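Report on the following structure.
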Amino acid sequence: MYLPMAKKKKTAKLSLFENLNNWLDKRQTVLFWVIFGITLLTGLLLYDPRVSLAGDDSSYILRADDFLQKFIYPSYQGPLYPLALSIVLLVFGFNLMPLKLFSLAAILGFLYFTWRAFRNRVPTLLIFSVLILVSINAHLLYYGSQTFSEAFYMFMQSLVLLIFFSAFIGKEGREEAVRLPQDIKRHLLLALVVLMLALTRSVGYSIMIAVAGYFVCYRQWKNLGLFLTGFALLFVLYAGITTAIWEGEIIPSSQGGSLLNKDFYRPELGKEDAAGLLIRFVTNSRQYLSGNLYNAMGLVEVSVLSYPLMLLTYLMAIVTLVFSYKKNRYIFFATLVTGLFLFTTFIILQASWNQQRLIIPVYPYILFLLLGACYYLLELKKTRSWQFVFLLPVIVLFFAGVSDAKEQVVAARKIKTEFDGLTPDWRNYTKASRWVGDKLNDPSVLVACRKPEISTIYANGKPFHGIYSVPSTPLDEFIQQWKTSSFCYVLYDKGRENTEQHLDLILSNYEGVINFDTGGYFIARYEQESDIPPVLWEDNLIRTPEALLKVLSDTPCSIYLADYLLSQLKEAGVTHILLANLRFHSWIKDGETISTVRNYLTFFTEKYPYSLKLEYQEGADEDEPAYIFSIDWENL
């Protein structure tokens, strides 16, 4: 009897993604540790012995030292990172290398926890593409030898994701098995790490919104209530303990308030309105999601400002958000975290700051979202045959990253001392700071400068006083002072020909200046009106407070009074001033310099021309020198 052969069951052909994921799954532990080793090696090769010229990295070290030496709570810019650094200082002392290696350890911790968080929860091809690109990225690994908070923030952020993935998303569908004590414990643990992230940098509060948003999106009302309750309890506990130990504001109100100023350094210009914040958001989006982001990938110059690149980035992130909502909740949550971080950053940051480091904490997750959009689009039935296209951007980004890293490693190997590789303006500034530490180390000497944190590090710990802006006198305060004064004030228009012709005569009675966008006035003071020199007399002179208010007509202005500026220095105990020629455009010597300290001196030396005495000059006159002046307080 003939028996027909059984038909073989057709096996569906695996896609390229499925084959690659299967291959990576079998080897992912070994591959991860290879990537870990590459990251460590690249980070060590990029090691930079200098402190950054931005100043914030030095500030964290000094706050950590103040906590150790003076028990001052480091509330400004987030306390947790300086507290962590204080442990390193306690063990190794005031030594830059251990502090910098702490940052590299934080990045390695971020790498490990990110892998643990996403392992077996997202496509292996996707997460390993991101990890390998991170392992050779010089822009990100730069922070492995700096003491900015970026590396520590990344570490804490990855810890939040690991706990949320493991204790919440991973237990969905099995939550009935979670008993009440365990439920409370996991919510408190999540609330604790979220609070720790928020205490690292204020933008960390955005992840609290991401957690709450996730629970809302999936209608997990019990989890939402328990999490918010746990976070509130821990925050109240934290605030209570810190307030009981340290007096004053634990979270300075000036910190958040200043961020919403139209100009961070000129509060007299007022706060941003809704339209201003929208403009700020769009401007920051274009700056960070075009030049800064794609420069970090090694693709464009950082100065590129491109609306198409910005819109493409947002579009791809939205694609990932939409697909992941139903397909992968782990990716969905990572998208929420990244999106809310960027939204918060673009709203609170002044557009003029424009620093790539401010998006570095979520740079790996941005890569994840962009590649995630490609991955999901190529998983569609109509595009499965094109999945090889996914590898193209990964390969391009890898070689761009290697090229960038090679260039940066070569530059880093040339740096042997903390003065190497600095432009003349900064070399002279830092060497003048070192001179202060060596020659003016008397505790009674206090030097004011533009970058006190950097100066303190280069002066081996000697404190400096910061001149971050020129303090102005409020208009209403000046008007009141004018009305109650027995002296006669006269305001001379800077733009008038008569003022220019007799400037020396005007400055002989100089009291200060009033500046506004379209002009300004010199303020002169006389015993009585008859003392005004006849040659200066004009019908349009401003001689009364009412006349000034009428001319200004609500125009924002800044008033700088010589005696007020000097009083600020005297109250702080300042004895010397470091005046430098720090470039406004760091990449070119064009004569434009950061003028804050110079303006401060000009505004009071016009009245007291012999108040300063040159004590030391670092650098030749034509080589962007730095000067140390002493203030002759006895003759003021």
Side-chain angles (χ1 to χ4, degrees), residues 265-268 446-450 465-496 499-500 502-516 519-529 531-533 536 541-545 547-548 551-552 556-580 593-615 627-636:
Y265 302 105
R266 295 183 63 189
E268 68 273 10
L446 181 61
V447 181
C449 62
R450 180 62 180 86
H465 176 75
I467 297 180
Y468 302 106
S469 61
V470 184
S472 61
T473 299
L475 177 60
D476 56 351
E477 186 177 317
F478 174 67
I479 293 296
Q480 183 62 30
Q481 177 182 328
W482 191 348
K483 288 180 177 179
T484 58
S485 174
S486 60
F487 296 101
C488 171
Y489 286 97
V490 178
L491 273 55
Y492 296 98
D493 189 338
K494 290 182 179 180
R496 293 188 67 82
T499 300
E500 295 179 3
H502 302 97
L503 185 58
D504 290 343
L505 187 59
I506 292 173
L507 294 180
S508 64
N509 292 90
Y510 173 90
E511 191 70 15
V513 295
I514 297 179
N515 290 335
F516 44 90
Y521 295 94
F522 290 108
I523 304 172
R525 191 184 75 175
Y526 303 95
E527 293 288 337
Q528 51 193 0
E529 191 172 286
D531 292 335
I532 302 174
L536 296 178
L541 289 182
I542 297 178
R543 294 178 288 113
T544 66
L548 173 61
V551 169
L552 289 177
C557 66
S558 301
I559 302 174
Y560 304 108
L561 301 178
D563 290 326
Y564 176 72
L565 295 177
L566 276 172
S567 71
Q568 297 297 298
L569 297 179
K570 192 165 189 175
E571 287 177 13
V574 172
T575 59
H576 293 70
I577 292 178
L578 193 170
L579 173 64
T593 61
I594 300 173
S595 59
T596 307
V597 175
R598 192 177 301 277
N599 288 341
Y600 200 113
L601 300 186
T602 300
F603 289 146
F604 73 76
T605 53
E606 293 288 8
K607 182 174 182 178
Y608 302 105
Y610 303 107
S611 56
L612 300 179
K613 177 185 177 183
L614 180 64
E615 299 287 348
Y627 310 93
I628 305 293
F629 293 98
S630 60
I631 303 177
D632 187 4
W633 287 115
E634 293 184 2
N635 294 314
L636 284 175

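In what follows, every heavy atom counts, from backbone to side chain, and hydrogens, waters and symmetry copies are set aside. It should be emphasised that the depicted structure is a prediction, and the values quoted were computed from it without experimental measurement.
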Can you find a pair of side-chain heavy atoms, one from Tyr468 and one from Thr596, that are under 4.5 Å apart?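 Answer no - side chains too far apart.
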
Side chain to side chain, Ile559 and Ile523, heavy atoms closer than 4.5 Å: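 Heavy-atom side-chain distance check passes, below 4.5 Å.
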
Per the side chain to side chain contact (heavy atoms under 4.5 Å, CB included) rule, which among Tyr521, Phe522, Tyr526 passes with Val490?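 Option passing the side chain to side chain contact (heavy atoms under 4.5 Å, CB included) with Val490: Tyr526.
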
Sole candidate of Ile467, Thr605, Leu579 that passes side chain to side chain contact (heavy atoms under 4.5 Å, CB included) when paired with Tyr600: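 When Ile467, Thr605, Leu579 are each tested with Tyr600, the side chain to side chain contact (heavy atoms under 4.5 Å, CB included) holds only for Ile467.
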
What distance do Ile514 atom CD1 and Leu491 atom CG have between them, rounded to the nearest 0.5 Å?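 Answer for the CD1-CG pair, Ile514 versus Leu491, is 4.5 Å.
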
With rounding to the nearest 0.5 Å, note down the distance linking CD1 in Ile577 to SG in Cys449.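 Taking CD1 in Ile577 and SG in Cys449, the distance rounds to 10.0 Å.
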
Tell me if a side-chain donor or acceptor on [X] pairs with a main-chain N or O of [Y] at a distance below 3.5 Å.
| X | Y | value |
| --- | --- | --- |
| Thr575 | Leu446 | yes |
| Tyr560 | Leu565 | no |
| Ser595 | Arg598 | no |
| Thr484 | Gln480 | yes |

Determine the interplanar angle of the Phe478 and Trp482 rings, folded into 0 to 90°, and report it as parallel if under 30°, tilted if 30 to 60°, perpendicular if over 60°.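 Aromatic pair Phe478/Trp482 classed tilted.
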
Mind checking salt bridge (Lys or Arg N to Asp or Glu O under 4.0 Å) for Asp531 and listing every partner two or more places apart, or none if nothing turns up?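 If we apply the salt bridge (Lys or Arg N to Asp or Glu O under 4.0 Å) test to Asp531, skipping adjacent residues, there are no hits.
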
For Arg525, enumerate each residue passing the side-chain hydrogen bond (donor to acceptor under 3.5 Å, both in side chains) test, keeping only those at least two apart in sequence or located in another chain.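 Scan of Arg525 (side-chain hydrogen bond (donor to acceptor under 3.5 Å, both in side chains), adjacent residues dropped) gives none.
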
